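Remember, predicted model here, so these are calculated numbers, not experimental data. We number each residue from 1, following the sequence as shown.
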Amino acid sequence: VQLQASGGGLVQAGGSLRVSCAASTRTFSNYVMAWFRQAPGKEREFVARITWDSGSTYYADSVKGRFTISRDNAKNTVYLQMNSLKPEDTAVYYCAADPSYTGPNYNRYVYWGQGTQVTVSS
C-alpha cells in the first residue's frame with residue numbers, strides 16, 4: 001500500500017486547512033487509517049484515526065473538537081479537516097494505515113505516507 005499525503009501549507013492561527021491522503025490499493029476499506037504529526041525535535045504523535053467503515057473515530061485530546069478525520073472508500077482517500085489551528089499544531093503530518101490495529105501507537109502501523117508540512121503562524 002502506498003500512501004500520498006497532500007494539502008499542507010501555511011495558515012494563520014485560527015484558520016482552517018484540510019489535508020488528504022490517497023492510497024494506492026483496491027482494498028482501501030480493509031485498512032484502519034490514521035494521522036500522526038511530528039514537530040521539529042519532538043517524537044511523532046498520534047492525531048486521529050478512523051476505522052474501516054468510518055464507524056469509529058478517535059482523537060488525541062490536543063485536537064479533539066477542532067480536527068475531524070473522515071474517509072471516502074470510493075476514492076481511496078482519508079482526510080483530516082483542521083479548524084481553529086494553533087501555532088502548536090505546526091508539524092509534518094503523516095498518514096498511516098494498518099489492516100487491524102486501531103490504537104494510537106505509531107509503531108503498530110504498517111504503511112506510511114511521506115508527510116505534508118503544516119505551518120500555523122501566530
Please determine whether residues [X] and [Y] belong to a single hydrophobic cluster, defined as Ile, Leu, Val, Met, Phe, Trp and Tyr linked transitively by side-chain heavy-atom distances below 4.5 Å.
X	Y	result
V32	Y93	no
F36	Y58	yes
Y31	I69	yes
V92	V11	no

Kindly write out the residues that satisfy side chain to side chain donor-acceptor pair (under 3.5 Å) with [X], not counting sequence neighbours, or none if the list is empty.
X	result
T25	T27
T57	none
D89	R37, R66
S54	none

How long is the straight-line distance from [atom2] of [Y] back to [atom1] of [X], given to the nearest 0.5 Å?
X	Y	atom1	atom2	answer
N30	N73	CG	CG	9.0 Å
S122	Q12	OG	CD	9.5 Å
N83	T68	CG	OG1	6.5 Å

Does the side chain of [Y] come within less than 4.5 Å of [X]'s, by heavy atoms?
X	Y	value
Y94	R44	yes
V118	T90	no
Y101	V110	no
F46	W35	no

For A22, what residues pass the side chain to side chain contact (heavy atoms under 4.5 Å, CB included) criterion, not counting sequence neighbours?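 For A22, the residues satisfying side chain to side chain contact (heavy atoms under 4.5 Å, CB included) (neighbours in sequence not counted) are T77.
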With sequence neighbours excluded, tell me which residues meet side chain to side chain contact (heavy atoms under 4.5 Å, CB included) with S56.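 Per chain and number, S56 pairs via side chain to side chain contact (heavy atoms under 4.5 Å, CB included) with R49, T51.
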So which residues get pulled into Y79's cluster when ILVMFWY side chains under 4.5 Å apart are joined, directly or through others?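 Besides Y79, the hydrophobic cluster comprises nothing; the residue is isolated.
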How would you list, by chain and number, every residue that makes a salt bridge (Lys or Arg N to Asp or Glu O under 4.0 Å) with K64, sequence neighbours excluded?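 With neighbours one apart ignored, the set is D61.
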Step by step, work out the side-chain contact (heavy atoms from CB on, under 4.5 Å) result for F67 and L85. CA-CA 9 Å; F67 290 11; L85 282 161; 3.8 Å; yes
Test: disulfide (SG to SG under 2.5 Å). Region: residues 27-118. Which pairs qualify, not counting sequence neighbours?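 Every disulfide (SG to SG under 2.5 Å) pair that includes a residue of residues 27-118, provided the two are not neighbours, is C21-C95.
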List the atom of [X], the atom of [Y], and the distance in Å for their closest heavy-atom pair.
X	Y	answer
S121	L10	CB-CD1, 4.3 Å
A23	L3	CB-CD2, 3.6 Å
S84	S16	N-OG, 4.4 Å
A91	A39	CB-N, 3.8 Å

What salt bridge (charged side-chain N to carboxylate O under 4.0 Å, His left out) pairs are there with at least one residue in residues 67-79, not counting sequence neighbours?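 Not a single pair qualifies under salt bridge (charged side-chain N to carboxylate O under 4.0 Å, His left out).
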Suppose the criterion is salt bridge (charged side-chain N to carboxylate O under 4.0 Å, His left out): which pairs have a residue in residues 8-30, not counting sequence neighbours?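 Counting only pairs at least two positions apart or across chains, no salt bridge (charged side-chain N to carboxylate O under 4.0 Å, His left out) contact touches residues 8-30.
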Are the side chain of W52 and the backbone of S29 linked by a donor-acceptor contact shorter than 3.5 Å?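 No; judged by distance alone, with no hydrogens or angles, the pair does not exist.
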Please list all pairs passing the side-chain hydrogen bond (donor to acceptor under 3.5 Å, both in side chains) test where one or both residues lie in residues 105-118, with sequence neighbours left out.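 Qualifying pairs, neighbours excluded: Q117-T119.
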